[in-house]
Amino acid sequence: MERREVALVDLLDRVLAGGVVITGEITLCIADIDLVRISLRALIASVRGEAEEAEDDHRPRS
């Protein structure tokens with residue numbers, strides 16, 4: 001398997017172009033009793049890309 005270096009800017013560009021969902025769960029428990037459970041979900045995507053797609057959807061077709 002070939003290893004190649006990728007710049008952080010290039011990696012962020014790829015992630016924001018397609019978007020990514022990050023999920024996680026945190027549970028606080030004492031003596032095996034769940035006291036608090038927090039579920040996290042974050043969507044990371046480029047706003048510019050989404051705005052351009054929305055404009056394209058609303059343009060009249062000729």
Side-chain angles (χ1 to χ4, degrees):
M1 179 179 244
E2 182 181 330
R3 181 182 170 148
R4 63 181 186 149
E5 293 184 19
V6 177
L8 181 59
V9 173
D10 294 334
L11 179 63
L12 285 174
D13 186 47
R14 288 182 188 179
V15 167
L16 292 176
V20 66
V21 176
I22 300 173
T23 60
E25 190 170 289
I26 299 170
T27 305
L28 175 65
C29 60
I30 297 177
D32 289 333
I33 300 172
D34 293 348
L35 299 176
V36 177
R37 176 175 284 159
I38 301 172
S39 295
L40 306 170
R41 184 172 292 162
L43 171 64
I44 301 174
S46 173
V47 175
R48 181 179 296 156
E50 296 297 324
E52 288 173 357
E53 287 181 19
E55 286 177 9
D56 290 343
D57 289 344
H58 294 303
R59 289 187 183 152
R61 308 215 190 270
S62 43

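Just so you know, residue 1 is the first one in the sequence shown, and it goes up from there.
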task: Output the rest of the hydrophobic cluster of Val21: all Ile, Leu, Val, Met, Phe, Trp and Tyr residues reachable through side-chain heavy-atom contacts under 4.5 Å, sorted by chain and number.
output: Leu43

Closest non-hydrogen atom pair between Ile30 and Leu35, with its separation: CD1-CD1, 3.6 Å

message: I'd like to check the side-chain contact (heavy atoms from CB on, under 4.5 Å) partners of Ile44; sequence neighbours left out, ordered by chain and number.
response: Leu16, Val20, Ile22

task: Output all residues satisfying salt bridge (Lys or Arg N to Asp or Glu O under 4.0 Å) with Glu5, sequence neighbours left out; order by chain, then residue number.
output: none

message: Taking side-chain contact (heavy atoms from CB on, under 4.5 Å) as the definition, give me every residue that meets it alongside Val9, ordered by chain and number, with sequence neighbours left out.
response: none

- request: Would you please name every residue forming a salt bridge (Lys or Arg N to Asp or Glu O under 4.0 Å) with Arg41, sequence neighbours left out?
  value: none

- line: Those residues at least two apart in sequence (or on a different chain) that pass side-chain hydrogen bond (donor to acceptor under 3.5 Å, both in side chains) with Asp32 are none

